[in-house]
2 protein chains.
Amino acid sequence: MSRRHHEVLRLAVDLVILTVRDRSFQVLLIERGNPPFAGQLALPGGFLRPGESLEEAAARELLEETALDAGSLHLEQVGAYGHPDRDPRGRVVSVPYLAIAPNLPTPVAGSDAIEAQWRPVEPVLASPGKLAFDHDDILRDAVEQARRQLEYTTLATRFCGETFTIGELRDVYDLVWGMRLDPRNFNRKVTRTDGFLLPTDAKRTPETGRPATLYRRGPADGLHPPMLRGRDLS
Amino acid sequence: MSRRHHEVLRLAVDLVILTVRDRSFQVLLIERGNPPFAGQLALPGGFLRPGESLEEAAARELLEETALDAGSLHLEQVGAYGHPDRDPRGRVVSVPYLAIAPNLPTPVAGSDAIEAQWRPVEPVLASPGKLAFDHDDILRDAVEQARRQLEYTTLATRFCGETFTIGELRDVYDLVWGMRLDPRNFNRKVTRTDGFLLPTDAKRTPETGRPATLYRRGPADGLHPPMLRGRDLS
DNA sequence: GCAAAAGTGTTATACCTACACCCATGC
DNA sequence: GCATGGGTGTAGGTATAACACTTTTGC
């Protein structure tokens with residue numbers, strides 16, 4: 001088992017930053033300025049640096065590319081992608097991270113002058129082949145991971161601001177899952193699940209209609225019983 | 001963004017091989033012969049080689065260390081572990097794989113004369129600090145991943161041989177989850193879930209009691225609705 | 001007969017689905 | 001008043017939990 005047999009490589013940390021904005025489920029993509037894949041869209045990311053843990057690298061990249069503070073955001077690993085030909089520059093294994101962002105008032109601007117843009121997720125998933133590297137695969141897996149977590153965790157609240165209405169939370173489910181949930185049943189479900197939501201005294205009046213109670217995210221991470229979507233898995 | 005800032009590293013592929021034998025939930029561990037951690041127990045594994053994908057490396061290690069053919073086994077990625085100090089030899093990121101093995105008639109013998117042994121999982125999880133590297137963390141996460149998958153996939157059948165009785169399948173749940181399920185309700189649940197089990201004409205007579213129908217694993221991967229364990233997640 | 005494991009039936013309960021209905025606001 | 005979204009009530013279906021009970025073997 002000589003050391004000569006061991007592949008020496010670099011490790012990329014890519015970011016799948018998801019949000020709900022303009023009543024649409026969107027992902028942050030950058031346009032690559034340099035080869036390989038110059039001019040194509042890609043997930044933001046960068047290489048692991050000496051002394052960094054994987055999660056530290058993800059947080060650093062997040063700050064560099066979007067000026068978002070990882071301390072306030074949900075950040076979780078998606079897996080590892082290591083096909084030998086995935087990067088034409090040489091052997092690079094990617095460990096992508098999924099980040100969930102609330103709809104941000106400030107426009108996203110990368111510190112290193114990279115053109116970053118929010119794109120609706122669905123068209124990108126529907127016609128793969130447009131993203132650089134194997135980022136289509138990574139995006140697909142990360143989105144599926146997020147969709148699943150809406151079922152049995154309180155992840156949906158990470159898409160919302162500090163306080164939010166049940167209608168906003170329902171929009172997250174509707175848009176991320178791409179299906180309409182019954183507003184009345186949804187209301188009961190989330191208000192009766194212990195630790196999901198903490199009511200506040202404030203209310204918010206929509207453009208038209210009755211004012212809605214504002215909530216903030218509760219201490220629970222898991223959902224029991226889970227939120228159900230249709231029987232579409234096999 | 002100079003290349004000098006990029007950490008260059010090696011990638012380890014470790015294996016968490018789980019089985020049910022001697023009416024106990026067990027994991028395959030090796031005793032390390034060389035530093036670091038010489039004499040301590042560790043997960044089997046090795047380094048990624050040039051031209052290999054991660055999954056290929058996992059399959060190769062599985063064959064080398066246990067003479068098990070990956071083609072017939074369930075093999076899935078657990079995640080990536082990249083703390084900078086996790087390996088004293090230098091920067092090594094580990095991508096562990098979870099493998100599920102049926103109770104094997106042949107004793108496990110590594111091809112490279114490593115002392116491999118089955119150990120009950122629970123004591124190792126209960127008193128961490130005994131395994132080399134961060135293998136305690138990896139084992140904990142892999143076991144939790146397997147336990148979860150018993151809930152909403154048909155993974156349990158991977159612990160069984162080609163044909164098996166419902167009692168054997170229930171033993172898998174009982175031993176992996178560490179709780180007793182009601183045999184009568186379990187029976188109904190698995191036989192009524194479409195695609196979980198395919199009945200055969202054969203039966204097997206236990207030491208004492210009525211002969212049980214032998215089944216083989218069905219085409220379904222997912223379980224809807226899921227198999228429930230108690231409300232222990234939060 | 002007896003022990004042990006396989007397998008069926010039954011009832012109560014929890015939860016979801018679907019939908020009717022009322023409430024509070026802006027115009 | 002009317003439109004719009006917030007929020008509650010209720011009836012029916014499905015799956016689970018907990019249990020009694022029957023079946024089929026070896027001894």
Side-chain angles (χ1 to χ4, degrees), chain A residues 23 150-152 160 163-175 177 179-216 220 222-233, chain B residues 23 150-152 160 163-175 177 179-216 220 222-233:
Chain A
R23 298 197 54 74
L150 291 196
E151 295 189 81
Y152 54 90
C160 300
T163 62
F164 51 88
T165 66
I166 292 184
E168 288 171 333
L169 188 65
R170 181 166 37 80
D171 279 345
V172 171
Y173 278 91
D174 284 353
L175 295 168
W177 280 355
M179 56 171 56
R180 284 190 104 52
L181 302 182
D182 184 304
R184 301 157 291 189
N185 293 334
F186 182 85
N187 194 311
R188 250 196 308 272
K189 173 71 180 173
V190 295
T191 53
R192 295 199 182 166
T193 299
D194 244 29
F196 196 172
L197 300 180
L198 298 175
T200 70
D201 292 335
K203 290 190 186 300
R204 173 181 300 163
T205 303
E207 292 184 17
T208 169
R210 172 176 169 177
T213 306
L214 283 170
Y215 293 84
R216 73 184 69 242
L223 242 55
H224 289 282
M227 186 80 63
L228 297 181
R229 45 174 173 170
R231 307 284 164 88
D232 36 6
L233 318 171
Chain B
R23 298 197 55 75
L150 292 196
E151 296 189 82
Y152 54 90
C160 301
T163 63
F164 50 89
T165 66
I166 292 184
E168 287 171 333
L169 188 64
R170 180 166 38 78
D171 279 344
V172 172
Y173 277 91
D174 284 353
L175 295 167
W177 280 355
M179 56 172 55
R180 284 191 102 54
L181 301 182
D182 184 304
R184 302 159 289 189
N185 293 334
F186 183 84
N187 194 309
R188 251 196 307 272
K189 173 70 179 172
V190 296
T191 52
R192 296 201 180 164
T193 299
D194 244 28
F196 196 173
L197 301 179
L198 298 175
T200 71
D201 291 335
K203 291 191 185 301
R204 172 180 302 163
T205 302
E207 293 184 14
T208 169
R210 172 175 168 177
T213 306
L214 283 169
Y215 293 84
R216 70 183 73 240
L223 243 54
H224 288 282
M227 186 81 62
L228 297 180
R229 43 175 174 171
R231 307 282 166 89
D232 36 5
L233 317 172

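Order of the sequence lines sets the chain letters (A, B, ...), proteins ahead of strands, with each chain counted from 1.
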Notebook entry, point to check: Under 4.0 Å between a side-chain N/O of Thr213(A) and OP1 or OP2 of dG7(D), yes or no?
Noted result: yes
Next item on the list: In whole angstrom, give the distance that lies between atom CG of Leu181(A) and atom C1' of dG5(D).
Entry: 16 Å
Notebook entry, point to check: Is Asn187(A) near enough to dG7(D) that one of its side-chain N or O atoms lies under 4.0 angstrom from OP1 or OP2?
Noted result: yes
Note to self: For a quick test of reading the model: is some side-chain N or O of Arg210(B) closer than 4.0 Å to OP1 or OP2 of dA3(C)?
What the structure shows: no
Next item on the list: Can you tell me the distance, in whole Å, between the CD1 atom of Ile166(A) and the C1' atom of dC23(C)?
Entry: 15 Å
Check: Roughly how many Å is it from CZ in Phe186(B) to P in dT8(C), rounded to a whole number?
Finding: 14 Å
Checklist line | Nearest-neighbour nucleotide for the Thr205(A) side chain, dT25(C), dC19(C), dA18(D) considered | finding: dT25(C)
Check: Distance-only, no hydrogens or angles: does the Thr191(B) side chain make a donor-acceptor pair with backbone N or O of Arg188(B) under 3.5 Å?
Finding: yes
Margin query: Output the rounded distance in Å from OH (Tyr173(B)) to C1' (dT16(D)).
Written below: 15 Å
Checklist line | Asn187(A) versus Arg184(A), side-chain donor and acceptor atoms under 3.5 Å | finding: no
Next item on the list: Hey, which sits more toward the 5' end of DNA chain D by its nearest nucleotide, Asn185(A) or Gly209(A)?
Entry: Gly209(A)
Next item on the list: Take the protein atom CG of Leu223(A) and the nucleotide atom C1' of dC16(C), then report the distance between them rounded to whole Å.
Entry: 14 Å
Notebook entry, point to check: Is there side-chain contact between Leu150(A) and Trp177(A), with heavy atoms separated by less than 4.5 Å?
Noted result: yes
Checklist line | Trace of the side chain to side chain contact (heavy atoms under 4.5 Å, CB included) decision for Leu214(A) with Thr165(A) | finding: CA-CA 5 Å; Leu214(A) 283 170; Thr165(A) 66; 3.8 Å; yes
Next item on the list: Give the rounded distance in Å between these two atoms: CZ of Arg170(B) and C1' of dG7(C).
Entry: 11 Å
Notebook entry, point to check: Within the distance-only criterion (no hydrogens, no angle test), does the side chain of Asp174(B) pair as donor or acceptor with the backbone N or O of Leu181(B) below 3.5 angstrom?
Noted result: yes
Item checked: Heavy atoms from other residues, nucleotides or ligands near CG of Asp194(A) exceed 12 (cutoff 6.0 Å) -> no
Checklist line | Side chain of Ala212(B) - closest among dC19(C), dA5(C), dG7(C) | finding: dG7(C)
Next item on the list: Output the single nucleotide from dG26(D), dA24(C), dA18(D) whose closest atom is nearest the side chain of Pro211(A).
Entry: dA24(C)
Checklist line | Distance in angstrom units between Asp182(B) CG and dC21(D) P, rounded | finding: 16 Å
Next item on the list: Starting from C1' on dC15(C), measure out to CE on Met227(A) and report it in whole angstrom.
Entry: 13 Å
Notebook entry, point to check: Which ring pair (Phe, Tyr, Trp, His ring centres under 6.0 Å) pairs, counting each pair once, include a residue from residues 180-202 of chain B, with sequence neighbours left out?
Noted result: Tyr173(B)-Phe186(B)
Next item on the list: Among the candidates dC15(C), dA17(D), dG7(D), find the nucleotide nearest to the side-chain atoms of Pro225(A).
Entry: dC15(C)
Note to self: Using a 4.0 Å cut-off on heavy atoms, which residues in residues 188-204 of chain A reach DNA chain D? List them by number, or say none.
What the structure shows: Arg188(A)
Item checked: Out of dC23(C), dG26(C), dA20(D), whichever nucleotide has its closest atom nearest the side chain of Arg184(B) -> dA20(D)
